[in-house]
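Just so it is clear, the model here is predicted, and its values are computed rather than measured.
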Amino acid sequence: MFALVDCNSFYASCEQVFRPDLRGKPVVVLSNNDGFVVARSAEAKALGIPDLVPFFKIEGQLKRYGVTVFSSNYALYGDLSRRVVDTLKGFASDVEVYSIDEVFLTPWTPDGDVKQFGHTLKRAVWKNVRIPVGVGMAPTKTLAKLANRAAKKIGALQGVCILERDNQREWLLRKVPTKDIWGVGGRYAKRLAELGIHSGWELACADPKRIRRHFGVTLERTLMELRGVSCLELEEMPSPKQQIYCTRSFGEKAHTLEPILEATALYASRAGEKLRAQQQLATSMHVFLQTSPFDSNPYSDAAVIQLPYPTDDSRILVRYAQYAVTKLYKEGFSFLKSGVGLLELSAKELLQRDLFSEGQPLRSTKLMTVMDKINQEFGRGTVYVAAEGTRKKWRMRQSHKSRRTTTAWAELPIVRC
DNA sequence: TCTGGGGTCCTAGGACCC
DNA sequence: TCTGGGGTCCTAGGACCC
């Protein structure tokens, strides 16, 4: 049996935690650069505000409806997410943190009352963190996802749905269109429809071999999971990352090389920070630079470069990223976005040093450790590589950002008596 | 004017090996 | 006239996820 705990409208709910005046009111949260609506409170959904709609297209509408708008505040969401996970760990020993707002776990119910267990989880998270969640339970992860969806959609279930008996499973699967199933995206849904498969039930009843032939082994597994045959295990130990990316759109378009060099330097050193947090070294680097894809004359290019030796030194990452992006740059375009990816990662302690080639000197490691420590203690960006520049006009737009209430001393809430 | 930022897995096809 | 068979590794691209 798998349980999936999924936070309701997570980012919007986070914003409401420290703004209780906004409970029961329409709230939306925007993506980086205030680009899209990425989270909507139940009230905002009820107003018919669609998901992933460009902000500029509905800004007027939001104002008219009196919707409160927030830029995304990942420091806050990450911290509240950690608290939700900590709470859940008190009720189950096997826990998989699947995403910032979803946790799979094995229900622990010595008395056999699964439903009661679901409600216990829900109440505990609300009590400790003030985040509303839904709980779905079923014999496979894919079905637990569906159960969770039902828990939120069907009011009578009060946020907890157990999908155990075959007749319940069939009832739900007959109602679910394929595109709402975990592992089936828009493309597959369309191709499935061409084969006459429209509902979850029709997919579950299809011939596995035929599905495998048309779509590959991944969708065949999904099919089996819908039948109640578990193919996906709980993954408690997150496997080390295979690539680390830092990419971002600029707050304003860049017509010269200078802001691009600065932004790319920042992305490289942020990627380095993540790399060091995982105790890994990178062997090669992927760098790209692009205009807006909506430009009349869009342009983009990318390069993969070998680093001189496996490294986690931000100074080296920045130097190589800047070198690459200089090569990619072309006069006459207005660039919108660049990014740095670190590839061929290896665990730092397992590194095989090559007898005949240079390796990362010890003082690099020492310097980076000190840098990370200072930034951890006093806030990100206290010490940084000078190549990032000081004015940072290209920084992303975040016109509606809330405070980092739980992670920055300077932004603690103020209580007036 | 304004359109996100991360990730993963799988497959097909080419190069190369004996 | 007749031209093998099996394997590995790598990469790019396509699909998916939140």
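- The CG-C1' distance, from A:L52 to B:dG5, rounds to 12 Å in whole Å.
- A:F215 and A:Y188 have their aromatic ring centers within a separation under 6.0 angstrom.
- Less than 4.0 Å separates DNA chain C from no heavy atom of any residue of residues 29-41 of chain A.
- Checked against B:dC10, B:dT3, B:dG7, the side chain of A:F294 finds its nearest nucleotide in B:dT3.
- Phosphate proximity of C:dC17 to A:S99: absent, as no side-chain N or O sits under 4.0 Å from OP1 or OP2.
- The salt bridge (Lys or Arg N to Asp or Glu O under 4.0 Å) test with A:R276 singles out one residue from A:D372, A:D312, A:D313, and that residue is A:D372.
- Not one side-chain nitrogen or oxygen of A:K253 sits closer than 4.0 Å to the OP1 or OP2 atom of B:dT1.
- Scored by the ring pair (Phe, Tyr, Trp, His ring centres under 6.0 Å) test, A:F104 finds A:Y98, A:W182 as partners (sequence neighbours excluded).
- Using a 4.0 Å cut-off, no side-chain N or O of A:R397 falls inside it from OP1 or OP2 of B:dG4.
- At C:dC17, none of the side-chain N or O atoms of A:K179 fall inside 4.0 Å of OP1 or OP2 (strictly under the cut-off).
- Of the inter-residue distances, the one linking A:N73 atom CG with A:L30 atom CG reads 12.5 Å to the nearest 0.5 angstrom.
- Between the CG atom of A:D295 and the P atom of B:dT3 there is a distance of 10 Å, rounded to whole Å.
- Atom NZ of A:K241 and atom P of B:dG5 are 18 Å apart (whole Å).
- Here the CG-CG distance, from A:L121 to A:L105, works out to 6.0 Å after rounding to the nearest 0.5 Å.
- Base-pairing analysis of DNA chain C finds the following stems of at least three consecutive Watson-Crick or G-U pairs, with both pairing distances under 3.5 Å: B:5-18 with C:5-18.
- Rounded to whole Å, atom C1' of C:dC16 lies 15 Å from atom CD of A:E225.
- Atoms CD (A:E102) and P (B:dG7) sit 17 Å apart, rounded to a whole Å.
- Taking the six-membered ring wherever Trp is involved, the centroid distance between the rings of A:H255 and A:F333 does not fall below 6.0 Å.
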Identify each donor-acceptor pair in which a side-chain atom of residues 216-231 of chain A lies under 3.5 Å from a protein atom, sequence neighbours left out, and give them as a table.
{"unit_1": "A:E220", "atom_1": "OE1", "unit_2": "A:R212", "atom_2": "NH1", "d": "2.9"}
{"unit_1": "A:T222", "atom_1": "OG1", "unit_2": "A:T218", "atom_2": "O", "d": "3.3"}
{"unit_1": "A:E225", "atom_1": "OE1", "unit_2": "A:K141", "atom_2": "N", "d": "3.4"}
{"unit_1": "A:E225", "atom_1": "OE1", "unit_2": "A:T142", "atom_2": "N", "d": "2.9"}
{"unit_1": "A:E225", "atom_1": "OE1", "unit_2": "A:T142", "atom_2": "OG1", "d": "2.6"}
{"unit_1": "A:E225", "atom_1": "OE2", "unit_2": "A:C231", "atom_2": "N", "d": "2.8"}
{"unit_1": "A:E225", "atom_1": "OE2", "unit_2": "A:L232", "atom_2": "N", "d": "2.9"}
{"unit_1": "A:R227", "atom_1": "NE", "unit_2": "A:A204", "atom_2": "O", "d": "2.7"}
{"unit_1": "A:R227", "atom_1": "NH2", "unit_2": "A:A204", "atom_2": "O", "d": "3.3"}
{"unit_1": "A:R227", "atom_1": "NH2", "unit_2": "A:A206", "atom_2": "O", "d": "2.8"}

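- Residues forming a ring pair (Phe, Tyr, Trp, His ring centres under 6.0 Å) with A:F117 (at least two apart in sequence, or on another chain): none.
- Less than 4.0 Å separates DNA chain B from no heavy atom of any residue of residues 183-214 of chain A.
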